Amino acid sequence: MKNKIKTKLYFKVNLQIFLLLVATFAFAYSLKESSDEAKVKGDVQINKSGIISDILLLIGKTIFNEEALVSAQEAVYTCIKSKDGKTCQEYPSSICSSECAVDCIPSRRDSVGECKPGTCYDKTEGTCQVNAPKASCDILGGKWLDDPKGNVAECRKGCCVMGDQALFSTEQQCSRASSVLGLQKKFRPEIRSELSCLGLAKTQEEGACVFEKENENTCKFTTKANCLQIGGKFYTGTLCSNSELKTNCKPQVKAECIEGKDEVYWFDSCGNKENIYDANKIKSYNNGKALSKAASCVVESGTNFLGNSANCGNCNYLRGSKCGKKTTTQKLADSSIDAVCRDLNCIDKDGNKRINGESWCQYQSSTGSDGKRSTDVPGSRQFRENCIDGEVKIEPCADYRNQICVESKTPLKNGYQFSSSACRVNKWQECMSYNSFESGEESGEESGEEEERDVDPKCGANPDCFIRHVEIGDKLNFDMCLPKYAPGFDLATGGQGASGLCSAANKKCRVTYQKPKFFGSWSCKKNCECMKDKFVEELHDVCMSLGDCGAKVNYQGVLTKNYKIKVSEKPPIGKEPEISGGYLSGISGYHKPIKGKIIDPGEEYLRTFGSPTGDDLLAISGVGGIVAAAQGSFPGQTETTTTVITGGTSGVTGSAVQDNSNSITGSAITGDTIAPITGASGTEVGGSETGNPNSDPGTGATESGAANSGASSGALSSVSNLLGGGGKGGGGGQDKDLATAAMVLGLAGSAAALGLAIAGAAAAATVVGLAVALVVALIYLASQQETKIIIVEFRCYAWQAPSGGADCKKCGSDGLPCSKYSCASLGQSCKLINEGNPQVECIDGNPNDAGAPVISPLYSNITQGYNYTNVSENGFKITSRQECLRAYTPVTFGIETNEPAQCRFDTNHTARFEDMADEFGYNLYLRNHSAIINIPSLESLGIGGFDPKRRADYNLYIRCQDANGNKNIKEHNINFCVEPGDDITAPAITSRVPALEFTKFGATDLNASIYAAEPVECRFDERDIDYDVMINNFTCNTGYDPTNFNGWRCDAALPVTKNETILNIRCKDQPWYNVTNESKRNKNTESYKFKIKKSLSPMKIDSITPDNNTIITSGVQPVTVKIEARTSGGMDGTATCYYLFANQSILFYDTIEKSVHINIFNQFSPGNKELPVRCVDRAGNSAEKTAKFIVKIDTEAPEVTRVYSLSGLTIVTNEPAECAYKTFVQRTEEECGFDFKNATLMSGTDLVHTSEFNPGLTYYVKCKDPYDNNLATCNLVVRGGFNVPQQL
Amino acid sequence: MFRNNYKENYTLFFMESKRAKKGQVTIFIIVAIAIVGLIAATVFFLPRIQEAIAPGGFSPSAYLKDCIEPEIKPAVENLAKHGGYLEPEGFILYDGEKIKYLCHSSEFYQTCVVQEPMVKNNFERQLSGIINPRAEQCFSNLKREYEKRGFAVSAGKGSILLEIITGKVRLSFVAPFTATKGETTQTFKQFDIETLSEMYELLFIAQSIVDFEAAYGDSETTLYMQYYHNIKIDKRKLDDGSKIYILSNTVTKESFTFASRSLAWPPGYGFE
């Protein structure tokens, strides 16, 4: 087998996985962005942002080589104004200019001045908008403040009390509202919650305000402040109709609702509100005194929250009642009154009563894991439902299960379980990253050691993951961390990426059968469990937990099977494994939600919500975990599933010209142009039989035993020939055993004959000799076994909706909104119309399609130099200029269908689409179906010899099925022939690990690997000399299967002797010709240069700020702190830094390979802080240092400590402050309530403040510190000759 | 100015009374006190009267209010339907309407960038753009109305200030305006027209929701509704990750609609 281009192609696979990683880490990032709750050392809250690109850079450099990085990671540019009018958007560099109305800036948004996020402060209104780009704020005349989270004095909120109103606002907002409403304000910064503030509004004291109008006493029930404005006399807590006030207001003439209040109130004849309605008028009247809500009647009776609603108007909003118009069923006993406490509670879909304000989850299917597999089904979504004022509101969580609905219940005093729910991020991507390699300083490929797959214990702690223990047999067991709530895929677009992900569950297993050669029957000897249903069922559990993969029902309960079980040949005993009917019927019930089942928020999750749960460093090695998961090999087996990743199939069997059977192995076909597969699994069979060193150890032993016996038999046969005995040396394979047996017999016979010839007289001895020979021969023959290896393969495909569109109209029939995802899950031809509108509908997009897909060659995709010929409705031929396709050559070709279709092929004639062996490409419904086939050598196909006219002919038979289930009845035939071709090209070394030339400081050797594009043997030397003369060997994978998608790996510990060492590496291909046919092997004539540089000094963190317990003071909490670390030494002084908290390392915001590293935290609480920082360079040099600082919150207003008159007024404050004063001739309400901007500022902003002083005036002085802390009243009132310290 | 004229009239009357007979002094004094009281009352209430009732029962404020108010409500409604813009840029088409993104991220996995940091200011600016031409026209019509009534009008080039404040939309014509007819002169410095509207509250709740969207990628709307019982918030999630927020006041039936796209996720791993 030959794979010269494999590395290049594998790189594309690599890219695909890389993209997968992008999603994973970007996701982690988004979580970090979405919360600021992460804690450092107990109570330090931290936050970071904008690191995707940097993380990718690091991942790329850590996991992949530099070239891969450059190719795989596309830069993100910032567009200040997009063509459709959006500001400060980021786009991939390739599309930025087409999206942007101005020039794109080659930088991330945060680095672009105009787009830098900060807080935009509206100086007039006093409002703050967080995360606002600078330019947008400036242009509108706002004041832009450099803190995106609003941790600035201007935006500090408090309670603004104005009359009976309260507003949770900034101080300026309060001033503005006060001025607009013409009300006195009192700003209370110590009140920090909106609810407390709003509560305050209701506690404003009201009473009767009596004044004279038209010669009689009348009254208004209002606050004291309002009463003063009217000029009335205020009677606190007294009703206007109180007889003692002698007003013209008569009590309790009507009962009504009041705007903004929840209760039913009595009104007097003057239109004033009185007490809460109670049918017992005397009690409600309370002798003309105001009656509090708590002292009023109770609308509840027993457990009925409205039990007394016919007689009481004390509605309770929080318990589910509010004043409203009466209805036929809800009314007061007094029929003259129109108002009543209306029931605001709701009835949910299941008929349960829900209290107003309660929210709960609604699932469209079973959800979560049942211990074996994730049970969420395609098309299902999770919803949060709220009961708001008697109406159930449905809020969908993000589709594709990117969000899940969590719910908790709190018992109320009456025993009712009050539900609260939320849509929260489903952290399923993290589950994949927990399937990591063992991580060490130098693990994995860089160490040159074999990776071991392991599940990070964090998997068990993550409420969105579960560990699936797959146990099929002694050797076939492993753990895998899987999403508990499997993600959904884009079913409408086909989902090629989804196919890649699903294929992570693909597995192959070799089952070995043996039987005595001459007596007895077949028995299974090895991996027998793989022939049991359990094997495929357990793998299917993994498959369906990866996402919308495998056999699943859609959310309306229709099952489609998207998996394949391939068995290389019929087993000699027993049946082939299958997914049982019982299993399928079990999973068919998952479309039904499990009554009463809710997803618990998970305390651990809530505690760390939004923060990365994984150590970033480990997570990086966890990338390998994903790769490992994708590679997915059983312990003890080395076959990689690169084929699996790309959905590739096992070898396309063809028919040799000499033998029209289907015995040709070695080529493969895939449906993805970027993911060519070249028959890895096909070669596996052949490889094993020729003693592939990568084959199963047991099998390999057997086969190598056969080979050895063949070899020894050859040797012995020559002896026996000499001796005149029979026997013949055989080749490899099963016939060798027979040949060996014959040879042994021959040897025994020869020995006996020789005995006769030499000692004819020794008859007895001869008889004994013959008997011995016979016994030996019999024993030998009895011990001989015939071996059969059968490969069982499980393939997991992306889930496909049922064909047709009969069920489309069911979308939304359950009363829950229909989405693109749910619509697409109902049928292949279902289409969502009016998307993004309330009139959205799922319809059958192609109801009258009854024709099967028409297949034709895909002209747009065929390798240059090749053609489609003999094209007819029955098929076509692929030809080169010489007609036949040359061995070893990769050829891309494809078919096109006139409508989206799913295609399959077989090398044998079959009767139906369903009978065909393999998918042509994925199992997706596509128009274009491409494949790459690597033409095998004729030798590998068993057509040896030197006849240049040798040919092998191939036939592929194809059928397709469209979305409506219409299938081709007739096969479409693709034919091509193969002509000889020899490998005459020297092997290519494609990459090195580590890619970095630098080694760690003090290193004396480097565990390194190189990758070649084909199986090779390699050597190295400091001298640039011929391969054969080189003396140092690499240990190479010489098997037919590549080590991974980089190709075939060779490992060695390379000496690091100088500051800069250059080693020359040369390789030789086709190791299977070793000794036997060396002349066919190609070796490098030019060396691959492997450069190694030493780190000349250890890594150092020169400085970290803040440090030495620096005090950082702020007037608001949380506090923003910038941490800056400077590094030197190591490789070149640059490094990547992490801060550590809760045993996790989090990447600095601005750090990748820099010498100055910055991270801005904006969630620090007050206290002593220690933030350990670790910086690592690419060579592995590291250093640690801890930032130590103290965060203080200053919320105390400055105090005046001295005041005196010395050529003017001088006051001294206890902290730096700014002071201002106003003078009033008479005391007024406002005297200490003035704003600084309307007052006269004193000189001095430190401790001493001066101004002129007129002893005839009274000075009302207020001071504020740099954090805007000031007393709501005056610090000081100064009159000539003496002063009055104030705390008014 | 009006106040001075009345003082003048009062002086003339007092001089005449000096020529009256001595026996009538008491009566005259009583009448004089009454007149003084009347004059004082007139002087005190003059500005309001002037505004309310011009010659022939004509009220310029009422005239302007009648002229401009019918324009304000539909304009507010129209803007509110589109996130505060008449012709928004950076919008999503929802139910046939262009809804402005007040916060948007075109990428997946990222919280949004605020597109309109000062929602109220922008709303005022947009509303002014719609109302001002009509307001100017109304102001010109006012001049013509005075002229039809025989007044000579002198009006300077003023400005029209529109503010959305708690409970109201206030339109202020800040323009010196003098109407003279014979000896009667009316001078106005400013006319304030106020229309009841709860848009102020809706806009600030919108800004608060945008804060959440920008910081956390989503918002919890239930609390707003529980704190402010007159407010209803409808959040509609679309397949592309966009959200449409419809904020409404259940009493006034006013509503404000805007869009946001923040922390959107692709299906699966994002490369299907």
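Throughout, a chain's letter reflects where its sequence line sits, starting with A, and its residues are numbered from 1. In this text the structure is predicted, and so the values were computed from the model without any measurement.
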Please check if the side chain of [X] supplies one atom and the backbone of [Y] the other of a donor-acceptor pair under 3.5 Å.
{"X": "A:Asn131", "Y": "B:Ala214", "answer": "yes"}
{"X": "B:Ser106", "Y": "A:Glu90", "answer": "yes"}
{"X": "A:Glu395", "Y": "B:Lys237", "answer": "no"}

Selection from [options] maximising heavy-atom pairs under 4.5 Å formed with chain A:
{"options": "B:Asp234, B:Thr166, B:Val210, B:Val114", "result": "B:Val114"}
{"options": "B:Leu238, B:Leu93, B:Asp211", "result": "B:Asp211"}
{"options": "B:Asn122, B:Asp218, B:Val251, B:Leu223", "result": "B:Val251"}
{"options": "B:Pro117, B:Ser208, B:Gly90", "result": "B:Pro117"}

> Once you round to the nearest 0.5 Å, how far does CZ of B:Phe204 lie from CD of A:Glu125?
Replying inline: 4.5 Å
Using non-hydrogen atoms only, which part of [X] is less than 4.5 Å away from chain A: side chain, backbone, both, or neither?
{"X": "B:Asp240", "answer": "neither"}
{"X": "B:Cys112", "answer": "backbone"}
{"X": "B:Lys168", "answer": "neither"}
{"X": "B:Tyr227", "answer": "both"}
{"X": "B:Lys243", "answer": "neither"}

> How far apart are the C-alpha atoms of A:Leu140 and B:Asn121, what are their side-chain angles, what is the distance that settles it, and do they pass the side-chain contact (heavy atoms from CB on, under 4.5 Å) test?
Replying inline: CA-CA 8 Å; A:Leu140 293 165; B:Asn121 295 25; 5.7 Å; no
What are the two closest heavy atoms between [X] and [Y], and how far apart are they?
{"X": "A:Thr87", "Y": "B:Val113", "result": "O-CG1, 4.2 Å"}
{"X": "B:Pro266", "Y": "A:Asn402", "result": "O-ND2, 3.0 Å"}
{"X": "A:Pro92", "Y": "B:Glu107", "result": "CD-OE2, 4.0 Å"}
{"X": "A:Arg109", "Y": "B:Thr111", "result": "NH2-O, 4.0 Å"}

Heavy-atom cut-off 4.5 Å, strictly under: side chain, backbone, both or neither for [X] against chain B?
{"X": "A:Glu99", "value": "neither"}
{"X": "A:Ile139", "value": "neither"}
{"X": "A:Cys79", "value": "neither"}
{"X": "A:Glu391", "value": "neither"}
{"X": "A:Lys322", "value": "side chain"}
{"X": "A:Asp122", "value": "both"}
{"X": "A:Asp548", "value": "neither"}

Does atom [atom1] of [X] have more than 12 heavy-atom neighbours from other groups under 6.0 Å away?
{"X": "B:Phe212", "atom1": "CZ", "result": "no"}
{"X": "A:Lys83", "atom1": "NZ", "result": "yes"}
{"X": "A:Lys81", "atom1": "NZ", "result": "yes"}

> Salt bridge between B:Glu163 and A:Arg176, side-chain N to carboxylate O under 4.0 Å?
Replying inline: yes
> Which one of A:Ala486, A:Cys115, A:Cys128 has the most heavy-atom pairs closer than 4.5 Å to chain B?
Replying inline: A:Cys128
> If you count heavy-atom pairs under 4.5 Å between each of A:Lys86, A:Gln129, A:Gln403, A:Arg384 and chain B, which one has the most?
Replying inline: A:Gln129
> Mind checking what makes ring-ring contact (aromatic ring centres under 6.0 Å, His included) contact with B:Phe91, not counting sequence neighbours?
Replying inline: none
> By ring-ring contact (aromatic ring centres under 6.0 Å, His included), which residues pair with B:Tyr245, not counting sequence neighbours?
Replying inline: B:Phe258
> Is there side-chain contact between B:Trp265 and A:Val425, with heavy atoms separated by less than 4.5 Å?
Replying inline: yes
>> Go through it in stages, so that I can follow the logic: the residues are A:Cys120 and B:Met118, the test is side-chain contact (heavy atoms from CB on, under 4.5 Å), and I'd like the CA-CA distance, side-chain angles, deciding distance and then a yes or no.
In response: CA-CA 8 Å; A:Cys120 186; B:Met118 292 152 80; 3.8 Å; yes
> Stepwise, does the side-chain contact (heavy atoms from CB on, under 4.5 Å) test hold for B:Gln115 with A:Gln89?
Replying inline: CA-CA 10 Å; B:Gln115 301 293 299; A:Gln89 299 294 301; 3.3 Å; yes
> Out of A:Asn386, A:Ile388, A:Asn356, which one pairs with B:Met225 under the side chain to side chain contact (heavy atoms under 4.5 Å, CB included) rule?
Replying inline: A:Ile388
> Between A:Lys393 and B:Thr221, is a side-chain contact (heavy atoms from CB on, under 4.5 Å) present by the stated rule, with each step listed?
Replying inline: CA-CA 11 Å; A:Lys393 294 257 178 197; B:Thr221 53; over 6 Å; no
